[in-house]
Structure formats: structure tokens, C-alpha cells
Amino acid sequence: MTTPQELPRIVAPSILASDYSRFGEEAADAQRAGGDWLHLDIMDGHFVDNISFGPDIVKALRPSTDLFFDVHLMISRPDRYWERFAKSGADGITVHVEAEHDVAQTLSAIRAAGLKTGLALNPATPWEAALPFLDRLDLLLVMTVVPGFGGQAFIRQTLTKIQAAAEARERRGLAYHIEVDGGIDAETAVDATSAGANVLVAGTTIFKAPDRRSAIQSLREAGR
Ligand code: DX5
Ligand code: ZN
């Protein structure tokens, strides 16, 4: 039986908070500083009220690092676009349950292409929305802020959703990662990991830190 403790702690710097004029160097630096994955936030100005970058930029970043590319699609039609991100070097693709698509079908197609699958839930979306898809998931992303912008405060009410995700995983003998994204720092990481999260996405806490290596280290050790 899988327990949260058995899954490795993964720290995923979110490139959204980096210096865009030095995008490639920032990606390389995330790896040098000890990051495990690189989290890439894709926003279409429709699903969320912000626009970030697209598949060509992801492709341009790919040679800068060999970190796992954890691509988070905050877009209305992930079914139309996920393949372009796969071709650009994504290793895992996370789609939102609230987006306009056949969720089961999108997840199956991503998995059939040999990529890791992820499903994201906005803070206002109840845990039950994920239930039909759990056995198709390598990762469940519990959004801990309303998606769209970095630098927001962690929403504590999401902790019960993390607990429900961890309990269901154990009950069903599944092994998906539980990722948290938004407002993660050394303090909120303690709460999120004790609720059952093992993948910590952090933008501001890592990229705006004077010492990125120690920022990553503090997330890796939070609550231990
Ligand atoms: C929010 C994004 C996050 C964001 C997190 O819409 O999905 O990945 O980069 O930023 P911080 O860590 O600054 O809250
Ligand atoms: Zn994200």
C-alpha cells in the first residue's frame, strides 16, 4: 500500500518567477541550485487572466537543462495544444479538470504518447471532481492559489483537499504524486507536506531568493 511518506520529495522551481530576459540561463540555474523538476506555467489569457509563453519558448528552453519538464497547462483547450508541448520537450503535462475538454480522453492521449499525466484542481473545485480520473494519473495538482499569477498567498482551505487526495490514493492502492502550486515557502511547505503533498512548486520563494540553493534546500527539508 502506498503512503505519502514513500513518495520522494520533489522540488519544482516555477520558471514563471524567473528573469525572462535570461530565460535559458534561469532554467539552467534552477538545476544548478538543486531543483528536481522545472515547472512551466502555460497561460492563454482565457482560462486564466494572464498570458505567459507557448511551445516555441518551451522548445527553446529545452537545451538549457535536462530537468524533467513539468508543463502546467492553464488553457481552455488542452486537448488542442498538449501535443505541441510534447513535441517541444515536455516530460509531463498537467491539464485542468475545469477546462473545456473530454478529460479522460486527453489524459489517455497524453499517456499513450509516453508522457506523465497530471490533473489540476482550482481552489474552488471540490476534490470529488478528480475521482473519475484517479487511475489515469501520475500526478494530481492541488492549486493552492487561484491560478494566473505568481506571488500570491497560500490558501489554507486547500489542505483538506490534499488530505482527501492522499487518503484516496492509499485506499485505492494508487501512486500518483500530489503536487501543490502557489504560495509555497518553507512554512506553507510544512503544512502541505504534512497533509500529504510530495511535489512542491515554488516560483517566488526560489527565483527571488538571494540564495536559490538554500531556498531549495529549505523546501526539501521543510517539516522533516
Ligand atoms: C500560478 C502558477 C504557479 C506560480 C507559483 O498560476 O501556476 O506555478 O508560478 O508562483 P509562486 O510560487 O510565486 O506562488
Ligand atoms: Zn503552475
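In listed order, ligands and their atoms are each counted from 1. Just so you know, residue 1 is the first one in the sequence shown, and it goes up from there.
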Discussion item. Are L115 and R111 packed together at the side-chain level, in the sense that at least one heavy-atom pair is separated by less than 4.5 angstrom?
Written reply: no
Discussion item. Between I57 and I93, is there shared hydrophobic-cluster membership here, with clusters defined by ILVMFWY side-chain heavy atoms closer than 4.5 Å?
Written reply: yes
Fill in: Set of residues that line ligand 1, where lining means a heavy atom lies under 4.0 Å from it
S14, L16, H39, D41, M43, H72, M74, M143, P147, G148, F149, G150, G151, D181, G182, G183, V201, A202, G203, T204
Worksheet item: Can you find a heavy atom in the side chain of V199 that is under 4.5 Å from one in the side chain of H177?
Response: yes
Item to complete: May I ask you to test the H46-I75 pair for a side-chain heavy-atom distance under 4.5 Å?
Response: no
Show me, pair by pair, the donor-acceptor contacts under 3.5 angstrom made by side chains of residues 99-107, not counting sequence neighbours?
unit_1: H101; atom_1: ND1; unit_2: T106; atom_2: OG1; d: 2.8
unit_1: H101; atom_1: NE2; unit_2: H96; atom_2: O; d: 3.0
unit_1: D102; atom_1: OD1; unit_2: A104; atom_2: N; d: 3.3
unit_1: D102; atom_1: OD1; unit_2: Q105; atom_2: N; d: 3.1
unit_1: T106; atom_1: OG1; unit_2: D102; atom_2: O; d: 3.1

Worksheet item: For the Zn ion (ligand 2), which N, O or S atom of D41 is at the shortest distance?
Response: OD1
Practice prompt. Give a yes or no on whether the ring-centroid distance for F69 and F85 is below 6.0 angstrom.
Written response: no
Fill in: Opening angle at the Zn ion (ligand 2) [NE2, H39; ND1, H72; to 10 degrees]
100°
Discussion item. Can you tell me which N/O/S atom of D181 has the shortest distance to the Zn ion (ligand 2)?
Written reply: OD2
Discussion item. Could you check whether any side-chain heavy atom of L40 comes within less than 4.5 Å of a side-chain heavy atom of L61, counting everything from C-beta outward?
Written reply: yes
